[in-house]
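Below: the structure, in C-alpha cells.
By convention in this document, chain letters (A, B, ...) are assigned in the order of the sequence lines, proteins followed by strands, and residues within each chain are numbered from 1. Computed from a predicted structure; not experimentally measured.
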Amino acid sequence: MTQPTVNLNTKLFNHTETELNDFAPRILNWFDSHGRHDLPWQQHKTDTPNPYIVWLSEVMLQQTQVTTVIPYFQRFMSSFPSVQDLANADWDMVAEHWAGLGYYARARNLHKGAKQLVEIINETGDFPQTVEGWEAISGVGQSTAGAIVAMGLHGYGVICDGNVKRVITRWAGIDGDITKSATNKQLWALAERLTPIEDSGHFAQAMMDMGATLCTRRNPNCEACPISKDCVAHAQGREMDYPFKAKKKPKPSKFSNALVLLNSKNEILWLQRPDSGIWGGLWVLPLQFEKKILGKKVLSTSEEDSVFESENTLAEQIVDKWINDNELQALSVNDGLLESAPIKHTLTHFHWYLQPQKLVLEDQQSQQITELLKQTEISLAWLSANEAKQTLGLPKAMLKVLETPELCVI
DNA sequence: TTCCTGTTAG
DNA sequence: CTAACAGGAA
C-alpha cells in the first residue's frame, strides 16, 4: 500500500468518515417524514422541474423568510408565468410587484437576469445547465446557482446559505468567524463533503428545512433533530454560540426630512431614485439630509458642501436649492425635533430617522419645480397618496410617512 | 481579495 | 437587535 496523499494529522473534518457518510441519509429521512413538502415552489416531487420557478423563488428567498415570500411569489407567477413574460415586462411593473420585499437591487437583477436567460434560451434552446452557467446570471451567486441546478434541474449542486451554515457550524463545532473567508472556505468544503452526489436537490431542500424549522437561531429543537447524536454544539450545550460572528461596531444615526410637496390638486411630488444605493429604481419622496451623529459626536451636517452632494441625489439637491431660493418653509408634522422623528429605518450600518414635512405649493410653484427637474431628465410624478401606493409601489418607509396621522394626505 | 452596502420581519 | 446573500468599490 502507498501512503495516502493527505496528511492524517491535519484532517479536514472533525467527524469520522462514518459520521460524515451518515449525515445525508439521516437528514433525508427526517425531511421525508417531517419536512415541509407543500411550499409553492418545491419541485422535488416532479420529474420535470421548472428552473424558472426555482430561480424566482431562490432570489426572493435571499434575505427573506418563507412566509413573507409566499404571497409575492404567487403574485409574480400569476403576472409573469414564464421567464419570457418577466423579461418583456416594464421595470415599473416589476418594481410594483416587488415593492415591500426590500433589497430592491434583487428586483433589478431579477429583471436583468430574465433578459439574460431569454437570450441564452434563444441561443441554446434551454436554461443554463451548469452551476457556472447560472452564476453568470445577474443576482445569482454561488449558493443560489447550486440550489437552482440541484432543485430546478435535478443535477448536482451544493448550497451553503445561512441555514446550512448554522446547521453545520453547530454539528461540526466550527467556531471560526463565519464572515472571514477562511471559515467560509471551510464551510463550503464541509457542505460539499456532506452533499450526496446523486440526490443533491433533495438534500438541499432538506437542509434548508432543517435550518428553518429545527436548527433555528433561537430555541433549536434538538429533541426532534436527526443529527443531534453527534452534534458538537449539542454535546457542549452551546448551540447558541454557533455560528460565531465577530461583534459589530455601533451604528451612527442619520436624520433627514421627507418632503411632502402638494400641488393644488392635492397631489404629491414623487421622484425615482437612481439605480444604485438605497431604494434604487423606486419612487420616493424628496429627502433632505440634515446630519449624521454617533452618540454625541456630529459626524457630518448638510452645511458642508461635499456632504450635501454625497448625501442627496441630484433631484434632491435641486429641490432643496429651489426651496431655499424661493424662501419657502416646509412645516414639520410634529414638534420637529430630530430625536422625535416618527419614522425610523435601520440599515446594516446606520439608523435613519425620517421627519415628514409638508409644503403646499401654488400652481405656478409646482409648475416651476416640475420644469426645473425635467431639465435634468429626472423621472418625476405628481400623484395622490393612494395612486402612488397602487401604481408606483413604494418602499415600506414611504408607506409609513404617508400613514403619519398628522399629515392627513390619505 | 477584502470591505462595504442594502431593507424588512421576527 | 439580529439575520439573510450578491455585487460593486476599494
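Arg166(A) comes within 4.0 angstrom of sugar-phosphate atoms only, judged by non-hydrogen atoms across all strands, and of no base. In this structure, Ser181(A) reaches the sugar-phosphate backbone alone: every heavy-atom distance under 4.0 Å involves primed, P, OP1 or OP2 atoms, never a base.
Side-chain N/O atoms of Asn257(A) and Glu290(A) include a donor and acceptor closer than 3.5 Å. With 3.5 Å as the limit, one finds a donor-acceptor pair spanning the side chains of Arg193(A) and Asn21(A). Defined by atom type and a distance below 3.5 Å, a donor-acceptor pair is present between the side-chain atoms of Ser384(A) and Glu387(A). Counted by atom type alone, Arg26(A) and Asn29(A) present zero donor-acceptor pairs between their side chains at under 3.5 Å.
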Mind listing the N/O atom pairs, protein and nucleotides 8-10 of chain B, below 3.5 Å?
residue, atom, partner, partner atom, Å
dT8(B), OP1, Tyr104(A), OH, 3.4
dT8(B), OP1, Lys396(A), N, 2.7
dT8(B), OP2, His345(A), ND1, 3.4

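Going from atom NZ of Lys165(A) over to atom P of dT2(C) covers 19 Å, rounded to whole Å. As rounded to whole Å, 18 Å separates atom P of dC5(C) from atom CH2 of Trp55(A). Rounded to whole angstrom, the span from the CE atom of Met60(A) across to the P atom of dT7(B) amounts to 16 Å. Per the geometry, OH belonging to Tyr353(A) stands 19 Å off P belonging to dT7(B), to the nearest Å.
Using a distance-only test at 3.5 Å, with no hydrogens or angles considered, no donor-acceptor pair links the side chain of Ser79(A) to the main chain of Phe76(A).
Salt-bridge check for Lys291(A) with Glu304(A): failed, with every basic side-chain N at 4.0 Å or more from each acidic carboxylate O.
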